[in-house]
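Throughout, protein chains are lettered first and strands after them, A, B, ... in sequence-line order, and every chain is numbered starting at 1.
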Number of protein chains: 2
Amino acid sequence: MVYLGIMKQIDLTKIEGKILEYIKEHILITGIPPTLREIQKKFSYKAIGTVQDHIASLIRKGAVLREKGKARSIQPAETVTSHKRIKRIPILGQIAAGFPVLSEENIMGYVPMFSEGAYGKEIFALIVKGTSMVEAGIFDGDTAIIEKGPIAENGDIVAVSINDEVTLKEFKKDPTGAVNLIPRNSDMLPMVYSKNQNVDMKIIGKMVGLYRKYR
Amino acid sequence: MVYLGIMKQIDLTKIEGKILEYIKEHILITGIPPTLREIQKKFSYKAIGTVQDHIASLIRKGAVLREKGKARSIQPAETVTSHKRIKRIPILGQIAAGFPVLSEENIMGYVPMFSEGAYGKEIFALIVKGTSMVEAGIFDGDTAIIEKGPIAENGDIVAVSINDEVTLKEFKKDPTGAVNLIPRNSDMLPMVYSKNQNVDMKIIGKMVGLYRKYR
DNA sequence: AAATATACCATAATTATGTATGGTGTGCAA
DNA sequence: TTGCACACCATACATAATTATGGTATATTT
C-alpha cells in the first residue's frame, strides 16, 4: 500500500514533534531560529522551564543541536549537518530574446535553490524563450539556472552572447579547435566558430539547473 | 553590450561590502546571523559603536534587514522573505519504480520552492525514473514536484498509483468517462481505465513543478 | 510500591546582545 | 572654511535570552 500521510519521527513525543516543527517553520519564515521565549509564547506555556525541558530532551535525542549560551542557536540537526542553505537566485532576463542589458535593475524575480558549498560563485537565472533546446528537455518558459564563468566542457549547456544576443546552446569543441554551438532541435543548424573568426562570441556561463512550473 | 557582472549594490563602501560578505558567510556556516559583537571581533574593532554605525548604514542603503531588539536578526536583504516564503519540499522516493512505501522515513532530500499562498497544501517531490515522459521534457533523474490531491484536469500531469506502483502520466478523461493515462513517449501506449473496471488506480497528486540539476 | 518518563509551573541569577550618547580624525566637495 | 561622509573609539545602560534550581502531577514501567 502507498502511505502518503507524512509520518512523525518515531522516537519523539507528540509535543516534541510539534516543537521541532515550529522550530523548522520559524527558521523557514523568519530566517532565524526561535528563542526559548518565542517557543514558550507559541505554545502558551506559563513557564519557560517547560520549554527548557523539551529542548533538552530534543537535544538528548539528537533531533536538534544548540550552542551553549548563544542566542537563537537551536537548530534542527539535519539542516545543520548538511550545511544546506537556501539561496535566492535572481532572474536576470530572458535568454534567446536579444536582451541587451542584464543587470540588477532588470531582476524579474527569484528562484530558490540550495547553495551547496558553491559559496562565492555567481549564479543567476534566465527565462528560456524559444524552442532551440526542446530535445534536451528545455522548453519555452523554463527557468535556466546559470553559473557564471567562461569555461565549458564538451556536452555542457552554455549561455552564450553573440552580437549582443544571448542564447542557450550545447557546447562542443571539435578537433580543429573550432567551437560548435549546437541547438538541440533537429530543425535548427549548429553554429560553428573557428578560432580566428571575428565575431563577438562570449560564453557567459554554463547551465547548472532547470526549473519549470506547471499551470 | 551585455553586462553580466552581477552588479554590487553600487553604493556600498569597501568596508560595508566586507561586513555584508561576513554576514552571509556566517549564516552559511553556522546557520544563524552574527551578533554585533561577533562582527566586532571578526574585524578587530575596539568599539562596538563602529559596528553599529556600519550596520545602520547597511540598513539605510537597503542591503540588510533587521528587527529592532531581536538578537541575531541581521540578514542580507535578498535572502529574506518579504512576501514569498521558501518551503523545503521533501523528496519522498522515486516514481515509476514501484516504490511501495512513501513516508517520512524514506525522505531522500529536499527541494527548495516558493510556497505562494499555497501554505498548508501537501507538496512533495519524487525523482523521475524512466523515459515515459521524455516528450514532455521530463527526463530520467529529474525531480517532479507534486501537489497531493485526487483531482486532476485534462492535460495535467499526474502521479498515479496502480497496483502499488507509482507512475507519472498525462491525465485525460474521454467522453465515455474512461480515464486515459498517456505516456509522453511515442514508443509507449496509453492506458485506459473505464469506469467500472476493477483496478486499484488512484491519483496521488498533480505535477506542479520540475527541477533538474546538471552535472 | 518504587522508579522513571512526560509534561508542566515559579522564580532568580547570569550572561548575551542590542541601544544610546558623545566623542576623534581624515579627506573631499561646496 | 564649512559641512558632510566615512571610519573609528569609549562607556553606560537596557533588555533579550539563557541558565539554574526546585517544585507539582500523572501515567507507565519495573
K.L.:
Heavy atoms under 4.0 Å, any strand shown: does B:Ile15 hit a base, just sugar-phosphate, or nothing?
P.N.:
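It contacts sugar-phosphate atoms only.
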K.L.:
Applying salt bridge (Lys or Arg N to Asp or Glu O under 4.0 Å), can you list everything that pairs with B:Glu153, at least two apart in sequence or on another chain?
P.N.:
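Counting only residues at least two positions away or on another chain, B:Glu153 forms no salt bridge (Lys or Arg N to Asp or Glu O under 4.0 Å).
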K.L.:
Is there a side-chain contact between B:Phe43 and B:Thr50, using heavy atoms and a 4.5 Å cut-off?
P.N.:
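Contact flag for B:Phe43/B:Thr50 side chains = no.
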K.L.:
Regarding B:Arg60, tell me which of base, sugar-phosphate or nothing describes its non-hydrogen contacts under 4.0 Å with the strands shown.
P.N.:
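Counting heavy atoms under 4.0 Å across all strands, no contact is made by B:Arg60.
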K.L.:
Is A:Thr35 touching bases, backbone alone, or none of the nucleic acid, heavy atoms closer than 4.0 Å?
P.N.:
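The residue A:Thr35 makes sugar-phosphate contact but no base contact.
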K.L.:
Rounded to the nearest Å, what distance is computed from the CD1 atom of residue A:Ile48 to the P atom of nucleotide D:dT21?
P.N.:
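A:Ile48 atom CD1 is separated from D:dT21 atom P by 16 Å.
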K.L.:
Does B:Gln52 or A:Lys68 map to a spot on DNA chain D nearer the 5' end, using the closest nucleotide for each?
P.N.:
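Counting from the 5' end, the first nearest nucleotide belongs to B:Gln52.
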K.L.:
Is A:Glu170 reaching over with its side chain to a backbone N or O of A:Ile182, donor-acceptor style, under 3.5 angstrom?
P.N.:
no
K.L.:
I need the single residue from B:Ile203, B:Ile151, B:Val160 that forms a side chain to side chain contact (heavy atoms under 4.5 Å, CB included) with B:Phe171. Which is it?
P.N.:
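The side chain to side chain contact (heavy atoms under 4.5 Å, CB included) with B:Phe171 is passed solely by B:Ile203 among B:Ile203, B:Ile151, B:Val160.
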K.L.:
Roughly how many Å is it from CG in B:Asp53 to C1' in D:dA10, rounded to a whole number?
P.N.:
13 Å
K.L.:
Between D:dC8, D:dC6, D:dA10, spot the one nearest the side chain of B:Thr13, thanks.
P.N.:
D:dC6
K.L.:
Which residue, A:Lys61 or A:Ser44, contacts DNA chain C at a nucleotide closer to its 5' end, judged by nearest heavy atom?
P.N.:
A:Lys61
K.L.:
What is the first contacted nucleotide of DNA chain C and what is the last, in 5' to 3' order, if contact means an atom lying under 4.0 angstrom from a heavy atom of chain B?
P.N.:
C:dT17 to C:dA20
K.L.:
Any sub-3.5 Å donor-acceptor pair from A:Gln75's side-chain atoms to B:Thr30's backbone N or O?
P.N.:
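Between the backbone of B:Thr30 and the side chain of A:Gln75 there is a qualifying donor-acceptor contact (under 3.5 Å).
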K.L.:
Holding to side-chain contact (heavy atoms from CB on, under 4.5 Å), I want the full list of residues that pass it with A:Phe139, two or more places apart in sequence or in another chain.
P.N.:
A:Val134, A:Asp142, A:Arg212
K.L.:
Determine: side-chain N/O of B:Ser57 to OP1/OP2 of D:dC6, distance under 4.0 Å, yes or no.
P.N.:
no
K.L.:
Expressed in angstrom and rounded to an integer, what is the separation of B:Leu12 atom CG from D:dC6 atom P?
P.N.:
10 Å
